[in-house]
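Report on the following structure.
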Amino acid sequence: MREMNLDDNSNNLVQSLTNGDSEKISTSRFSSLLASKDRDYLLSSTEADQVRISDLEGKVIGLYFSANWYTPCRNFNKVLIDVYEQLKSNGSNFEIVFVSSDEDLDAFNSYRESLPWLSIPFSDLETKKALNRKFEVEGIPCLVILQPEDNKDGATLYEGVELIYRYGIEAFPFTKERLEELQREEKMKHESQTVTDLLTNPGRDYILGQTITGKVPVDSLIGKTVGLYFSAQWCFPCAKFTPKLISIYQKIKQTLEEKGGEDFEIVFVSNDRDQSSFDSYFGTMPWLALPFGDPTVRTLAKYFDVQGIPCLIIIGPDGKTVTKQGRNLMNLYQENAYPFTDAKVELLEKEMEEAAKNLPRSVYHAAHRHELTLVSEGTGGGPYICCDCDEQGSGWAYQCLECGYEVHPKCVRAVAPAGSIEGR
């Protein structure tokens, strides 16, 4: 799952308008990009129809690098199709051209029929390769935006997927000025947000609880630290993280109850596929939830730019966002992560540094055959996924210098060299 800092990411998006190949794109340039010596047309979503490349004149073009076999592409299609159809219905000068990475013609044809936009023929391998090289496509899905006019807004935009997920139809026409305007609006919303604004809508001022009445006023969360837990029953990483989260939640609640004065709550934001799955999954949780299918679920996912689950967003007692890294902080520090503020994280990092001084410089781990060396961010370490618990780590780790295997120090099950077993 990819998390990001709002301000840093906004700067990256602005920079992406001018980084890389920022050559101005004219109508004739569209032809040189998309046509071949024996083809001046693109395919529509229906088998027989062809559209001349010259018909793209004056339009904003999205080059969509995608493939039928890759699940993230199919997931993004749902969002992109909705935005595309809205833009087409209101007369916006926007078109998408699919650049396939499918494995064979049958897969391409099947995939293309589900997409309402244009495509480069599957057989035109040279054009597809040239586009991938020109725009330095390193992964899919990738949406590259080209502007029609040779003016200051004509720079190539490489972050189309991120923009669509983040802003939807509001991102059009994908110019630098429009992006900066959206970022200003977004910053103002985040600076003025309240837990009531986040979790209510005109038809609902409550969330679901585990009580007999089943309804808890959203206003009851005012003044509390609140975790927004984006999760789903079908998601395997969620199934692994939820029991851990329940245990940590209960420990935090118990500690705060003993101290008095503060409170912590979690609100489940469901990505389940049907009501019965939601009911079953929510029934295992000791906290609150937004109703299944509530439009606020989608609004929150876009507002916080949630692109993977499980994800835990922490809202402070003042209603402002404390961190988007709640899951990672709980994996690293468990209940000690509360209240998840920068000051608390800094304190925990210092404590970890002190504790690391007493750790052995190297160990043998029961699940791996090679010797593991203690490393930090300053000595070859950095953010990693623990090979033992499959959760993210940062700071200190035990790393195999032979094969890159890494584990949290707390996950190490030390054994003598002769007793280690072959692992990953």
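Since we're looking at a predicted model, the values are computed, not measured.
Aromatic ring orientation, Trp287 versus Tyr249: perpendicular (interplanar angle above 60°, classes split at 30° and 60°). Using a 30° and 60° split on the angle between ring planes, His365 and Tyr405 fall in the tilted class, from 30° to 60°.
Panel note: side chain Thr242, backbone Ala239; no donor-acceptor pair is recorded below 3.5 Å. In terms of modelled atom types and a separation under 3.5 Å, the side chain of Trp117 and the main chain of Gly62 share no donor-acceptor contact. A donor-acceptor pair is defined here as one N or O able to donate and one able to accept, closer than 3.5 Å; such a pair exists between the side chain of Ser89 and the backbone of Glu85. Not a single donor-acceptor pair under 3.5 Å links the side chain of Asn68 to the backbone N or O of Tyr111. Of the possible polar contacts, one joining the Asp318 side chain to the Lys320 backbone as a donor-acceptor pair under 3.5 Å is found. Within the 3.5 Å criterion, the main-chain N or O of Pro243 finds no donor-acceptor partner in the side chain of Ser247. The closest donor-acceptor contact from the side chain of Gln325 to the backbone of Phe340 lies at 3.5 Å or more, if one exists at all. A donor-acceptor pair is defined here as one N or O able to donate and one able to accept, closer than 3.5 Å; such a pair exists between the side chain of Asn132 and the backbone of Lys128. No side-chain donor-acceptor contact under 3.5 Å links Asp197 to the backbone of Gln193. Checked by atom type and distance alone, the side chain of Asp272 pairs as donor or acceptor with a backbone atom of Gln233 at under 3.5 Å.
Shown here for Ser66 and Ile140, the closest heavy-atom pair between the two residues is N-CG2, 4.1 Å. In terms of heavy atoms, Phe292 sits closest to Ser270 at CD1-OG, 4.0 Å. Shown here for Val161 and Pro141, the closest heavy-atom pair between the two residues is CG2-O, 3.5 Å. Considering all non-hydrogen atoms of both residues, Pro409 and Leu359 come closest at CB-CD1, 4.1 Å. Residues Pro173 and Gln147 share a closest heavy-atom pair of O-NE2, 2.8 Å. Looking at every heavy atom in both residues, Cys386 comes nearest to Cys411 through SG-SG, 3.9 Å.
For Lys189, the NZ atom is loosely surrounded, since the number of other residues' heavy atoms within 6.0 Å does not exceed 12. Other residues, nucleotides and ligands place more than 12 heavy atoms under 6.0 Å from the CD atom of Glu351. For Glu181, the CD atom sits in a packed shell: over 12 heavy atoms of surrounding residues, nucleotides or ligands are nearer than 6.0 Å. More than 12 heavy-atom neighbours from other residues, nucleotides or ligands sit within 6.0 angstrom of CD on Glu191. Heavy atoms from other residues, nucleotides or ligands lying under 6.0 Å from CG of Asp104 number more than 12. Other residues, nucleotides and ligands contribute over 12 non-hydrogen atoms within 6.0 Å of the OH atom of Tyr333.
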Lys134/Leu33 under side chain to side chain contact (heavy atoms under 4.5 Å, CB included): CA gap, chis, key distance, verdict: CA-CA 9 Å; Lys134 180 176 181 61; Leu33 284 172; 3.4 Å; yes

Begin with the C-alpha distance, continue with both residues' side-chain angles, and end with the deciding distance and a verdict on side chain to side chain contact (heavy atoms under 4.5 Å, CB included) for Val97 and Tyr64. CA-CA 6 Å; Val97 178; Tyr64 182 41; over 6 Å; no

Side chain to side chain contact (heavy atoms under 4.5 Å, CB included) assessment of Phe304 paired with Leu228: CA-CA 10 Å; Phe304 289 111; Leu228 303 180; 3.7 Å; yes

Check the pair Glu186, Tyr303 against side chain to side chain donor-acceptor pair (under 3.5 Å), reporting the backbone distance first and the verdict last. CA-CA 8 Å; Glu186 192 174 60; Tyr303 181 75; over 6 Å; no

Please assess Leu43 against Phe108 for the test side chain to side chain contact (heavy atoms under 4.5 Å, CB included), listing each intermediate value before the final yes or no. CA-CA 12 Å; Leu43 303 178; Phe108 168 77; 4.3 Å; yes

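Side-chain contact between Leu182 and Leu163 is absent, with no heavy atoms from C-beta onward closer than 4.5 Å. Looking at heavy atoms from C-beta onward, Thr200 lies out of side-chain contact with Ile207 at the 4.5 angstrom threshold. Looking at heavy atoms from C-beta onward, Ile309 lies out of side-chain contact with Phe241 at the 4.5 angstrom threshold. Side-chain contact between Tyr165 and Gln307: present, with at least one pair of heavy atoms (C-beta onward) separated by less than 4.5 Å. Using a 4.5 Å heavy-atom threshold, the side chains of Ile252 and Met330 count as touching. Side-chain contact check for Pro291 versus Arg204: some heavy-atom pair is nearer than 4.5 Å. Side-chain atoms of Cys235 and Asn271, non-hydrogen and from C-beta on, never get closer than 4.5 Å to each other. Side-chain contact between Leu63 and Ile61 is present, with heavy atoms from C-beta onward closer than 4.5 Å.
The side-chain hydrogen bond (donor to acceptor under 3.5 Å, both in side chains) test with Asp388 is passed by exactly one of His368, Lys410, Arg413: Arg413.
Side-chain polar atoms of Tyr338 and Glu262 form a donor-acceptor pair below 3.5 angstrom. Using a 3.5 Å distance cut-off with no hydrogens or angles, the side chains of Tyr158 and Glu136 do not pair a donor with an acceptor. Residues Glu371 and Ser362 have side chains that bring a donor and an acceptor to within less than 3.5 angstrom of each other. Neither side chain, Thr225 nor Asp263, offers a donor N or O lying under 3.5 Å from an acceptor on the other. No side-chain N or O of Ser100 forms a donor-acceptor pair with one of Arg112 less than 3.5 Å apart. There is no side-chain donor-acceptor pair under 3.5 Å between Gln86 and Asn90. Between the side chains of Gln399 and Tyr384, no donor N or O sits under 3.5 Å from an acceptor N or O. For the residue pair Asn109/Glu113, the side-chain donor-acceptor check at 3.5 Å is not satisfied. In the model, Ser277 has a side-chain atom that pairs as donor or acceptor with a side-chain atom of Asp274 under 3.5 Å.
Here Phe282 pairs with Phe278 under the ring pair (Phe, Tyr, Trp, His ring centres under 6.0 Å) rule; sequence neighbours left out.
For the atom pair CG of Leu288 and OH of Tyr229, the computed distance is 15.0 Å after rounding to the nearest 0.5 Å. Here the NZ atom belonging to Lys344 is positioned 14.0 Å from the OG1 atom belonging to Thr323, to the nearest 0.5 angstrom. Note that the NZ atom of Lys253 and the CD atom of Gln250 stand 10.5 Å from one another [nearest 0.5 Å]. The CD1 atom of Ile81 lies 10.0 Å from the CZ atom of Phe76; values are rounded to the nearest 0.5 Å. For the atom pair OG of Ser231 and CG of Leu312, the computed distance is 10.0 Å after rounding to the nearest 0.5 Å. One finds the CZ atom of Phe268 at 8.0 Å from the OG1 atom of Thr284 (value rounded to the nearest 0.5 Å).
For His408 and Tyr398, the distance between ring centers is not under 6.0 angstrom.
With respect to Arg178 and Glu170, a salt bridge is recorded, a charged nitrogen being found less than 4.0 Å from a carboxylate O. Under the 4.0 Å criterion applied to side-chain N and carboxylate O atoms, Glu346 and Lys350 are assigned as salt-bridge partners.
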